[in-house]
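First up is the structure itself, then whatever we jot down about it.
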Protein chains: 2
Amino acid sequence: MATATEMLDEAGDGALTFRALAARLQTGPGALYWHVANRDELLAAATENVIAGVVATSRPDEDPREAIRAVALRTFDAVDAHPWVGTHLGREPWSATLRLLECIGGHVDRMGVPPAAQFDSATALLNFILGAAGQNAANARLVPPDADRSAFLHVVAAHWTSRDPAEYPFVHRIADQLREHDDREQFLAGVDLILAGMANVRSRDGS
Amino acid sequence: MATATEMLDEAGDGALTFRALAARLQTGPGALYWHVANRDELLAAATENVIAGVVATSRPDEDPREAIRAVALRTFDAVDAHPWVGTHLGREPWSATLRLLECIGGHVDRMGVPPAAQFDSATALLNFILGAAGQNAANARLVPPDADRSAFLHVVAAHWTSRDPAEYPFVHRIADQLREHDDREQFLAGVDLILAGMANVRSRDGS
DNA sequence: ACCTGAACACCGTTCAAGT
DNA sequence: ACCTGAACACCGTTCAAGT
């Protein structure tokens, strides 16, 4: 497991091969199947490991709003450090994801959100976090792994502005903002948007 | 392209093989490389096709809030009909995603959101939509493709409740809600949460 | 300009056989 | 109980050669 995580960190998603992992562990590829059912399970376990670390430090005695901002940001940073986590989070069937939901849900509950609204609120936060994580991981695949933040954003901005300005006016208008922005701040702004909405929507329809 | 989309719809992501596609088109696998650079480009083109249809019907004369709800819901439904779109949306480098962002951004602009806040607002909506799409696609992989909505939700709920209730109290508490809920409504509730937040956050910090 | 199809360099996974 | 490693059934991609 530890070796698998190392390999993922070093060379990304595609580099984790049963053959390569077996070679690194000095065994045959067949030996791995004694410990893990298949490749998906291996990826899922590695992802859950990372996310377990992210939610573990979430304490129920903080201000719930701050606690939510904090787990969200830790998730963001974890995906930044391990892009393969972002990729796999969007594909895996409720192991790491469920840990995140439980953590967020607990804080939402302690915020005083009425029970009927807790489900929608917690999943909205979760979906936003997962979406941002995936997008970040996708962006990471566009640049060499050793590029710095600024170079990274410039590459993404270049993708945006490569489109026809007439067809993509909005995207062109905000491309400058993208180049200079702090994506952790942007991410937190999104979390705040949802938190602000939770304070306001409450009753919508009675259907 | 059309044949590729057909195959993806019939048998999912893994079924689209260059060999299988070539066989269906009565050619050799090498022939495809004249028209497309590689498998990723094929998936990206198919995804962009679907998303282009989703954004095409978005008119700038509607109420912007309703227009955002409508594109979001069309994306949700498109992913529901083609789960592979949800999978690929979270991995692709700004072709389909950029179309969505442009569409959403245009509406956000017409909502009267101040320019400085448009970037964060539009990307928050985008990330939420992408996250929900990915999660939906992941869920679709858990159930047989012909299962109905109710069976589908019961399978997901079973995953949730299979965990230790002591470790996952929140998840257990909302599992009943999951089983009975309308996931399109839940999705729209998330969109509304963000829209409500946009009306409220405005000024946060001046750093 | 576009297609053919054999060949290359891989995969995940299985399974008899070993220790 | 756990490991070995050859073998099976695939992949995406390339490329000389064809039309």
Kindly state each residue pair satisfying salt bridge (charged side-chain N to carboxylate O under 4.0 Å, His left out) with at least one member in residues 20-37 of chain B, sequence neighbours excluded.
-> B:E6-B:R24, B:E10-B:R24
Who pairs with A:D176 by side chain to side chain contact (heavy atoms under 4.5 Å, CB included), at least two apart in sequence or on another chain?
-> A:R179
5'-to-3' dot-bracket of DNA chain C (Watson-Crick, G-U; under 3.5 angstrom; crossing pairs as [ ]; | other strand) = ||.|||||...|||||.||
For B:D77, the salt bridge (charged side-chain N to carboxylate O under 4.0 Å, His left out) test, sequence neighbours excluded, returns B:R184
Per-nt protein contacts along nucleotides 7-19 of chain D (heavy atom under 4.0 Å; B base, S backbone sugar-phosphate only, - none) come out as B---BBBBB----
Between D:dC2 and C:dA17, how far is it from one P atom to the other, in whole Å?
-> 22 Å
Inter- and intrachain pairs under salt bridge (charged side-chain N to carboxylate O under 4.0 Å, His left out), touching residues 78-92 of chain A, at least two apart | A:D80-A:R149
Quick one: salt bridge (charged side-chain N to carboxylate O under 4.0 Å, His left out) pairs with a partner in residues 43-60 of chain A, sequence neighbours left out?
-> A:E48-A:R99, A:R59-A:D61
Using the C1' atom as the reference point in each nucleotide, state the distance between D:dC15 and C:dC3 in Å, no decimals.
-> 13 Å
Specify the separation, in whole Å, of atom CH2 of A:W34 and atom C1' of D:dA1.
-> 6 Å
Quantified in whole Å, what is the C1' atom distance between nucleotide D:dC8 and nucleotide C:dC11?
-> 12 Å
Report the residues that fulfil side chain to side chain contact (heavy atoms under 4.5 Å, CB included) with A:A147, sequence neighbours left out, ordered by chain and then residue number.
-> A:V143, A:P144, A:A151
Sorted by first residue and then second, give each salt bridge (charged side-chain N to carboxylate O under 4.0 Å, His left out) pair with at least one member in residues 117-139 of chain B; sequence neighbours left out.
-> none
Could you tell me if the ring centre of A:F76 sits under 6.0 Å from that of A:F187?
-> yes
